[in-house]
Structures are given as structure tokens and as C-alpha cells.
Amino acid sequence: MNYSDLAPSYIRAIAPYQPGKPIAELERELGISGIVKLASNENPQGCSPLAMAAMQEALKTIALYPDGNGFELKDALRKRYGVAHDRIVLGNGSNDMLELAARAFLTVGDKAVYSDHAFAVYPLATQAVGATGVSVPAIDFGHDLKAMLQAAVAQQAKLVFIANPNNPTGTFLSAATLLDFLRALPTNILVVLDEAYNEYLPEERRYDSVGWLEEFPNLIVSRTFSKAYGLAGLRVGYAFAHAQVADMMNRVRQPFNVNSVAQAAAVAALQDEDFVRRSNELNRRGMEQITQGLSKLGLEYIPSYGNFIAFKIGDGMKMYRRLLELGVIVRPVASYDMPDWLRVSIGLEEENDKFLSALKRILGEKQ
Ligand SMILES: *Cc1c(COP(=O)(O)O)cnc(C)c1O
């Protein structure tokens with residue numbers, strides 16, 4: 001018998017998520033070393049030393065179950081953002097937030113709206129609960145919120161996913177655009193505002209989405225410790241929402257979905273604002289280095305507000321493999337309907353150099 005037939009048809013229809021390859025796996029495959037990985041938007045500076053120390057301390061009590069309510073982390077978030085404990089959901093990465101929102105609020109026959117070229121987990125989380133995804137055409141690779149609003153109303157969607165900035169395109173929606181959308185959207189349609197790259201926004205682009213929660217009870221703001229905080233391997237993220245929304249999300253999560261080491265590290269990471277500032281600064285300089293390099297090579301790119309950038313290269317898969325052979329891992333984005341593009345994460349100066357040199361070499365070969 002074919003065991004996949006035992007799964008509902010909507011599960012069988014899911015295309016598996018393609019993660020970036022781990023360095024060790026590629027070094028084994030290609031028989032080379034010193035590979036530079038600029039494929040998963042990880043923090044090239046690592047994490048805060050305060051987080052590292054907290055993790056070591058937390059290991060001493062690793063035999064014990066974690067705090068299933070995450071009191072210390074919720075309290076640290078409350079102090080930082082002024083959000084009460086009952087309006088916070090903690091998760092195994094912010095990926096968990098997207099899934100919990102889908103699991104709590106969507107079922108077979110329901111609809112979720114997202115944008116073309118938006119983060120791959122939105123369709124995955126939607127399909128996994130048997131709901132139907134409605135992907136709305138983008139404008140210049142960014143979300144078309146007017147069209148998304150129309151689609152959400154016309155299709156009587158339950159949930160809208162918005163990534164700001166979006167991955168893999170790096171596009172950004174201004175506070176005014178988001179507010180227009182939220183004000184026009186019926187309040188019985190939930191909005192997950194995925195701010196995985198929030199900490200990388202320049203000062204003048206920042207907006208108070210946490211404050212907006214007062215005005216919009218249907219808003220879920222999702223954030224992560226994986227990106228600017230440099231804790232991707234630990235898996236810890238959080239969401240702020242109306243207490244009733246948070247309650248529903250908390251009911252469907254695993255009782256111990258955030259491990260004890262991750263909780264301790266996240267609390268410590270929140271205290272180290274200097275680390276985040278340095279990450280941001282490094283990212284700003286690296287972004288300049290890479291955009292200048294891409295321009296010099298005559299390559300088109302999408303201006304990005306994250307710690308990565310998408311650039312146009314022709315046959316993305318082929319160029320991805322050529323870069324791999326030269327020891328640089330980037331991210332193909334064909335599955336985002338961008339077969340002519342690649343996405344590169346901003347690394348340390350020398351990593352960015354290695355990427356640009358490899359790119360220059362393969363472009364030279366092409367002619
Ligand atoms: C990286 C990313 C996330 C989630 O990452 P986690 O490690 O699960 O927190 C969520 N949304 C977007 C747009 C991302 O790029």
C-alpha cells in the first residue's frame with residue numbers, strides 16, 4: 001500500500017519547504033572547505049555574549065522541563081514593550097507563530113490571503129490545516145495591500161499574512177500604508193504582521209505596530225530572535241495579540257514549545273541592545289558593499305530592508321550551483337516564482353567580498 005494515501009489530499013498536495021543547506025553537508029558533497037554561507041539570513045556576528053552565558057547557565061538545569069508559560073521571557077517582553085502576559089504567545093521560532101495562527105483560526109474551507117513572492121511558510125501553514133491560500137499579485141515584488149484588502153473581503157478570508165519587510169524580496173511597507181489597510185479591513189479578519197526583520201529597519205522607517213494593537217484587536221504582531229539577535233539555531237519567537245486571540249493560539253501549541261535554554265537566552269538577548277545595534281550597523285555597511293558590488297557588475301537588485309537582498313542573474317539554479325562550486329552558498333528563489341533571481345544574505349565584510357568575487361568570476365565565464 002502507498003502510505004501517503006493515508007494522509008488527507010491537502011497534506012499530500014504540500015510542496016516540502018527547501019531549507020538552505022548546512023555548510024557541513026556541502027563540504028562533504030563538494031569535497032571543499034572554507035565555504036561561506038549566505039543562504040539563510042543568519043546573523044554573521046553570532047549572538048550576544050550575554051545570551052551565550054545565559055545558555056551555559058541554563059544547561060545546569062537541563063534535566064528539568066522548561067516553564068511551559070515562559071514567565072521570565074514574557075516578563076522581559078512586557079518590560080520592553082509594555083504588553084501584558086496574556087497578550088503574548090511564545091513559540092519555537094516565529095515560524096511557530098505562523099502555524100499557531102493557522103491552526104487556531106483556519107480549517108478546511110477557510111481562506112488565507114498572502115502576496116505573491118511572500119514568505120514560503122504562509123502557504124505551508126495554510127495548506128497544513130486544509131485551508132485555501134489566496135495569493136495576490138505583487139507590485140514591484142512588494143505586497144499590493146489594496147489588492148490584498150479587496151481579495152480578503154471578496155473571498156471572506158479569515159486571515160491575512162503580511163511580511164514587513166518581506167523575505168525573499170526585502171520589500172517594505174510604510175506605516176501609513178499598513179494603517180490604511182488595517183483601518184479598511186473588517187475586524188473579523190485577522191492579520192498576521194510578520195516582522196522577522198524589524199530590528200534591522202533604519203530609525204526613520206520604524207513604526208509602532210505594538211501600539212497599534214490597542215486600535216486593532218484583529219492584529220497579530222510576530223517577531224523572532226532568529227535574525228538580528230542571532231539565535232536561529234535555538235528556535236524562539238513571539239507574538240503580541242488581543243488576549244482572546246493569544247488564548248486561542250496558546251491552546252493549540254505544544255505545552256513546552258520553547259525549550260529552557262532558548263527562554264534563558266532570549267531574556268538575556270533582550271538586555272543586550274548594544275549587540276542588536278552593532279548587528280544593524282554591520283548589516284547597513286554590508287548592504288552598501290553588496291549593492292555597490294552588484295551595481296558594478298551591472299546586476300539588477302530589489303532594494304532591501306532586511307539582512308539579505310535579491311538580485312537578477314538569469315538562470316538562478318545554474319548560477320546558484322556555479323557559486324556553490326566556488327564555495328559560496330546563496331539561496332535560489334525559483335520556488336518563489338523568481339527563477340531568474342537569487343537571494344544573498346548580508347555577511348561579514350570578507351564574506352561579502354568572497355561572494356562578489358565569485359559572482360564576478362562566473363559572470364566573466366558567461367561571456
Ligand atoms: C526567518 C523568517 C521567519 C521566521 O524565522 P524563525 O526562525 O522561525 O523565527 C519568519 N518570517 C520571515 C519573513 C522570515 O524571513
Side-chain angles (χ1 to χ4, degrees), residues 17-20 22 37-44 46-47 51 70 73 77 88-103 112 114-126 128 133 135 138 141-143 159-173 178 191-201 209 220-240 249 253-254 257-259 261-263 265-266 269-270 276 279 283 302 304-310 330-333 335-336 338 343-346:
Y17 180 79
Q18 304 280 358
K37 185 185 180 208
L38 299 172
S40 301
N41 304 345
E42 292 145 336
N43 192 323
C47 71
L73 178 51
L77 290 166
I88 304 176
V89 186
L90 303 179
N92 192 244
S94 63
N95 198 97
D96 209 8
M97 296 301 109
L98 310 173
E99 286 201 2
L100 294 180
R103 205 151 2 117
Y114 38 79
S115 173
D116 282 359
H117 317 297
F119 191 44
V121 173
Y122 310 152
L124 277 177
T126 302
S135 192
F141 294 100
H143 294 34
L159 192 61
V160 179
F161 288 104
I162 296 175
N164 202 39
N166 182 46
N167 170 21
T169 58
T171 50
F172 176 76
L173 297 159
L178 283 168
V191 179
V192 175
L193 182 57
D194 177 354
E195 299 184 334
Y197 301 95
N198 172 268
E199 295 82 3
Y200 281 116
L201 290 177
S209 49
I220 303 170
V221 174
S222 168
R223 303 236 178 118
T224 184
F225 287 93
S226 296
K227 307 283 159 61
Y229 289 99
L231 295 170
L234 268 190
R235 315 304 305 128
V236 52
Y238 57 95
F240 298 138
M249 288 171 70
R253 70 176 172 83
Q254 285 183 36
N257 64 333
V258 186
N259 70 73
V261 180
Q263 290 188 28
L270 276 175
V276 176
S279 299
N283 188 59
I302 306 170
S304 170
Y305 291 86
N307 64 342
F308 57 88
I309 188 163
V330 296
R331 190 60 167 269
V333 284
S335 61
Y336 287 90
M338 298 169 70
R343 187 196 71 192
V344 64
S345 305
I346 309 303

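Both ligands and their constituent atoms are indexed starting at 1 by order of listing.
- If you number the atoms of ligand 1 from 1 as listed, the ones under 4.0 Å from a heavy atom of Ala196 come out as 2 (C), 3 (C), 10 (C), 11 (N), 12 (C), 14 (C).
- Classified by interplanar angle (parallel below 30°, tilted 30° to 60°, perpendicular above 60°), the ring pair Tyr238/Phe240 is tilted.
- Closest to atom 2 (C) of ligand 1 among all protein heavy atoms lies Lys227 NZ, 2.4 Å.
- In this structure, atom 15 (O) of ligand 1 lies nearest to the protein heavy atom Tyr197 OH, 2.5 Å.
- By the 3.5 Å distance cut-off applied to N or O atoms, Asn92 is not counted among the residues near ligand 1.
- Using a 4.0 Å cut-off between heavy atoms, Phe225 makes no contact with ligand 1 at all.
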Tyr229/Val236 under side-chain contact (heavy atoms from CB on, under 4.5 Å): CA gap, chis, key distance, verdict:
CA-CA 10 Å; Tyr229 289 99; Val236 52; over 6 Å; no
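- Looking from atom 9 (O) of ligand 1 to the surrounding protein, the closest heavy atom is Thr224 OG1, 2.5 Å.
- Scanning Pro165, Gly93, Ser94, Ala232 for the heavy atom closest to atom 4 (C) of ligand 1 points to Ser94.
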Stepwise, does the side-chain contact (heavy atoms from CB on, under 4.5 Å) test hold for Thr171 with Tyr305?
CA-CA 6 Å; Thr171 50; Tyr305 291 86; over 6 Å; no
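- Ligand 1 has no N or O atom lying under 3.5 Å from any N or O atom of Asn41, backbone or side chain.
- Residues Ile162 and Leu178 meet the side-chain proximity criterion, which asks for heavy atoms closer than 4.5 Å.
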Start with the C-alpha gap between Asn41 and Lys227, add the side-chain angles, then the distance that decides, and say whether side-chain contact (heavy atoms from CB on, under 4.5 Å) holds.
CA-CA 7 Å; Asn41 304 345; Lys227 307 283 159 61; 4.2 Å; yes
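- Inter-residue side-chain proximity for Phe308 and Ile346 is flagged as unmet; no heavy-atom pair is nearer than 4.5 Å.
- Atom 7 (O) of ligand 1 has as its closest protein heavy atom Ser226 OG, 2.5 Å.
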Apply side-chain contact (heavy atoms from CB on, under 4.5 Å) to residues Glu195 and Val221 and explain how you reach the verdict.
CA-CA 7 Å; Glu195 299 184 334; Val221 174; 3.4 Å; yes
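- Taking a 4.0 Å cut-off on heavy atoms, Met97 fails to register as neighbouring ligand 1.
- Residues Leu98 and Ala125 come closest through the heavy atom pair O-CB, 4.0 Å.
- At a heavy-atom cutoff of 4.0 Å, ligand 1 is contacted by both the backbone and the side chain of Asn95.
- Between Tyr336 and Asn167, the shortest heavy-atom contact is CE2-O, 4.2 Å.
- Those atoms of ligand 1 with a heavy atom of Asn167 less than 4.0 angstrom away are 13 (C), 14 (C), 15 (O).
- The shortest contact between atom 13 (C) of ligand 1 and any protein heavy atom is with Asp194 OD2, 3.4 Å.
- Interface atoms of ligand 1 facing Arg235, defined by a heavy-atom separation under 4.0 Å, are 6 (P), 7 (O), 8 (O).
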